[in-house]
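The block underneath contains the structure these notes are about, expressed in structure tokens.
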There are 2 protein chains.
Amino acid sequence: MATIYDVSVLAGVSLATVSRVMNKNAKVSEKTEKKVLDAMAQLGYRPNAIAQSLASNCSNSVGVLVSELRGHFYGSMMSGIEAEFRIAHKHVIIAAGHSEEQLEKEGIEFLISRRCDALILHVEAVSDEYLIELCKGSIPVILINRYIEQIEDRCVHLNNELGGYIATKAVIDQGHRDIAYIAGPYWKEDAQNRLHGHKRALAEHGLTFHEQLVFEGDYREESGAKGFRALHDTNFPFSALVCANDEMASGAMDAVRGKGLSMPNDMSVMGFDNNVLANYMFPKLSSVDYPIAEMGHMAAKMVLKQCYQSPQTNLNNIFDPKLVLRDSISLR
Amino acid sequence: MATIYDVSVLAGVSLATVSRVMNKNAKVSEKTEKKVLDAMAQLGYRPNAIAQSLASNCSNSVGVLVSELRGHFYGSMMSGIEAEFRIAHKHVIIAAGHSEEQLEKEGIEFLISRRCDALILHVEAVSDEYLIELCKGSIPVILINRYIEQIEDRCVHLNNELGGYIATKAVIDQGHRDIAYIAGPYWKEDAQNRLHGHKRALAEHGLTFHEQLVFEGDYREESGAKGFRALHDTNFPFSALVCANDEMASGAMDAVRGKGLSMPNDMSVMGFDNNVLANYMFPKLSSVDYPIAEMGHMAAKMVLKQCYQSPQTNLNNIFDPKLVLRDSISLR
DNA sequence: GTTATAAATGAAAGCGCTTACATAACAATA
DNA sequence: TATTGTTATGTAAGCGCTTTCATTTATAAC
């Protein structure tokens with residue numbers, strides 16, 4: 001593999017000159033430029049990004065840590081980030097944390113050791129303190145989907161409370177009065193916030209909140225089915241079910257059918273996240289869109305501004321979810 | 001950020017010694033080792049992977065090029081690859097090619113310029129010749145989901161013909177005799193192969209193939225719906241529909257319902273790929289599993305063997321898809 | 001034709017490591 | 001104690017670039 005030295009020899013110029021034509025950061029006469037370009041082409045020269053990074057102390061790449069490489073949510077997030085960086089000719093180095101503290105830390109170490117110019121993290125297991133400490137370091141960090149007050153300007157997150165509110169309000173607007181709710185695990189902040197929004201929507205519309213109409217799930221499909229059965233078995237009547245995510249809604253829908261009820265007439269169902277799945281279910285699931293791709297774009301823009309002096313406007317940290325109505329909710 | 005030099009000074013030893021304790025590749029007395037380790041801890045030293053790569057000419061990372069960062073298929077693929085490398089303490093650098101020749105080439109260039117020790121590629125737009133040429137280079141390449149005869153030992157691919165066969169046979173085994181088929185775009189080799197398998201299954205079971213019962217889709221949902229309507233409108237009767245992927249099956253299922261038919265009684269539907277979606281549809285879609293995650297594992301194992309001298313057994317290039325029966329097919 | 005000034009180029013140090021080779025330290029043997 | 005063989009450690013070159021600073025060359029002004 002040809003090096004800059006080979007190019008310089010073939011072109012009959014110095015290393016510095018070759019470097020200049022590569023980086024276009026200093027005037028080079030047209031004649032020499034051509035000689036160099038020709039030599040590069042002839043040798044099939046590819047600059048060694050590793051050596052460039054070492055010498056310039058800038059890797060032109062940003063580290064992204066996601067919990068998983070698979071799944072709609074992370075896919076959209078990575079996709080949003082990558083799209084933004086691609087046009088800026090920056091690159092992305094991805095690592096997976098698997099929601100385990102040890103692995104998340106290792107992932108971050110890896111990205112730092114690769115001298116990423118900035119980090120965009122989706123982490124769950126690592127502590128607030130660790131992240132606050134990390135932010136004090138020299139390398140810029142953006143957190144997606146996590147809110148920590150002390151470093152709030154580095155957090156890009158969703159207004160989950162509003163999302164919970166919107167979801168329930170959508171159902172109320174269709175005339176439902178008896179509304180059950182399958183929540184996410186209470187130890188997760190987003191689950192708490194969504195539930196809070198649900199309660200606020202009820203209150204603002206003069207409906208009372210009943211403990212019997214809430215079930216704590218774990219965001220997985222099976223817990224949705226389990227939740228619906230549990231709620232149904234209490235015989236506390238309800239005509240609509242709001243779920244804190246789409247997977248649980250799917251599980252719940254199976255259970256609804258299992259009870260011989262039809263949707264949306266006997267039971268309206270509302271999801272959350274607007275996972276691709278929502279569009280493939282039957283009936284197509286109404287949901288609250290989680291604009292994770294846009295949030296990825298935003299995180300990338302912040303990095304572009306902070307690290308690469310790219311001018312950026314309209315930066316904001318908190319995103320509002322939006323209602324997506326499909327077929328799973330009926331008028332009552 | 002502390003360097004190896006800072007460590008060596010603090011520990012009162014030479015750079016070389018520090019390097020030795022990091023890499024454990026030469027004997028260092030326990031006493032000095034401890035001094036070095038202490039110094040590292042005290043400084044919070046993190047080796048600079050960039051400098052290591054440059055000096056050692058080995059980056060301990062392998063480049064992965066996918067078409068998209070989102071979507072079940074690529075997510076599973078990346079996940080499989082990453083899982084395998086994680087236990088070997090190798091890392092993955094991911095780039096996206098977006099199925100465009102230019103971007104695919106740029107992605108490959110990027111990965112090479114980052115001096116990845118090997119490449120795992122899922123490319124569609126780039127020519128066979130380009131890839132054959134690439135394989136002649138010094139850096140090992142594995143191709144996923146593509147078969148090129150001249151470099152077949154570097155290709156990890158699916159037996160699509162068998163998949164098409166299995167899909168149709170599953171339907172035949174349930175007693176269906178009149179079977180329609182929505183194919184992928186004919187310019188794609190996998191679409192051709194799946195269709196071929198379909199025809200073989202018909203032939204082997206004494207059924208004749210009718211041109212009127214095939215529709216060429218484009219693998220997207222909408223074309224499934226369009227396909228079913230077109231097939232249905234010919235009035236050529238069929239009781240089962242085999243689709244060359246799950247998205248088209250989903251579109252078709254919508255169209256089936258649109259015609260007031262119920263599934264699976266009036267119409268059995270078979271998918272292909274076993275996308276997560278299949279499990280969320282109603283009725284749950286029977287499909288042919290595309291073991292892309294395992295194929296990712298396999299590609300990673302091949303790299304581990306070729307580049308990192310890790311002993312590996314049971315390597316194989318071609319994978320057989322497997323039938324996954326769910327609720328979308330009825331007995332006839 | 002000088003001289004002053006700007007533009008183009010080159011020489012060389014340095015980025016943070018690895019590693020071949022040289023040297024020092026130590027133990028074992030005669 | 002001198003000699004040899006081991007083992008531990010240090011020295012310094014080099015990986016492929018960037019970048020500062022010095023030097024050369026071209027251009028303009030007088």
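Note on naming: letters A, B, ... go to the chains in the order of the sequence lines (proteins, then strands), and numbering restarts at 1 for each one.
- With rounding to the nearest 0.5 angstrom, the NZ atom of B:K136 is 11.0 Å from the CG atom of B:L134.
- Partner of B:F73 under the side-chain contact (heavy atoms from CB on, under 4.5 Å) criterion, chosen from B:N275, B:N145, B:V276: B:N145.
- Contacts of residues 40-51 of chain A with DNA chain D (heavy atom under 4.0 Å): A:Y45, A:R46, A:P47, A:N48, A:A51.
- Within residues 15-32 of chain A, the residues having any heavy atom closer than 4.0 Å to DNA chain D are, in order of number, A:A16, A:S19, A:R20, A:M22, A:N23, A:N25.
- A distance of 13.0 Å separates CD1 of A:I142 from NZ of A:K301, quoted to the nearest 0.5 Å.
- Side-chain contact check for A:N23 and A:S19: at least one donor-acceptor pair (N or O, by modelled atom type) lies under 3.5 Å.
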Identify each donor-acceptor pair in which a side-chain atom of residues 74-85 of chain B lies under 3.5 Å from a protein atom, sequence neighbours left out, and give them as a table.
from, atom 1, to, atom 2, distance (Å)
B:Y74, OH, B:S67, OG, 3.3
B:S76, OG, A:R70, NH2, 3.0
B:S76, OG, B:H72, O, 2.9
B:E82, OE1, A:H98, NE2, 3.1
B:E82, OE2, B:R86, NE, 3.3
B:E84, OE1, B:H297, ND1, 2.5

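- Remark: A:S14 is in phosphate contact with C:dG10, judged by side-chain N or O atoms under 4.0 Å from OP1 or OP2.
- Going from atom CG of B:N57 over to atom P of C:dA20 covers 13 Å, rounded to whole Å.
- Applying the salt bridge (Lys or Arg N to Asp or Glu O under 4.0 Å) test to residues at least two apart or on different chains, none of the pairs has a partner in residues 148-159 of chain A.
- Salt-bridge formation is detected for the pair B:E101/B:K105: a Lys NZ or Arg NE/NH1/NH2 atom is positioned less than 4.0 Å from an Asp or Glu carboxylate oxygen.
- Seen from the ring of A:Y219, A:K188 does not count as a face-on cation partner, given the 6.0 Å and 45° thresholds.
- Per the geometry, CZ belonging to B:R115 stands 18 Å off C1' belonging to C:dG16, to the nearest Å.
- Checking the phosphate oxygens (OP1, OP2) of D:dG16, no side-chain nitrogen or oxygen of A:Q52 falls inside 4.0 Å.
- With sequence neighbours excluded, the residues that form a side chain to side chain donor-acceptor pair (under 3.5 Å) with B:S14 are B:T17.
- Here the CD1 atom belonging to A:I108 is positioned 12.0 Å from the OG atom belonging to A:S113, to the nearest 0.5 angstrom.
- Atom CG of B:D38 sits in a crowded spot, with more than 12 heavy atoms from other residues, nucleotides or ligands closer than 6.0 Å.
- B:L54 places its CG atom 12 Å from the P atom of C:dT19, with the value rounded to the nearest Å.
- In the helix from C:dG1-D:dC30 to C:dA30-D:dT1, the rotation axis of the first five pairs and that of the last five pairs differ in direction by 40°, rounded to 10 degrees.
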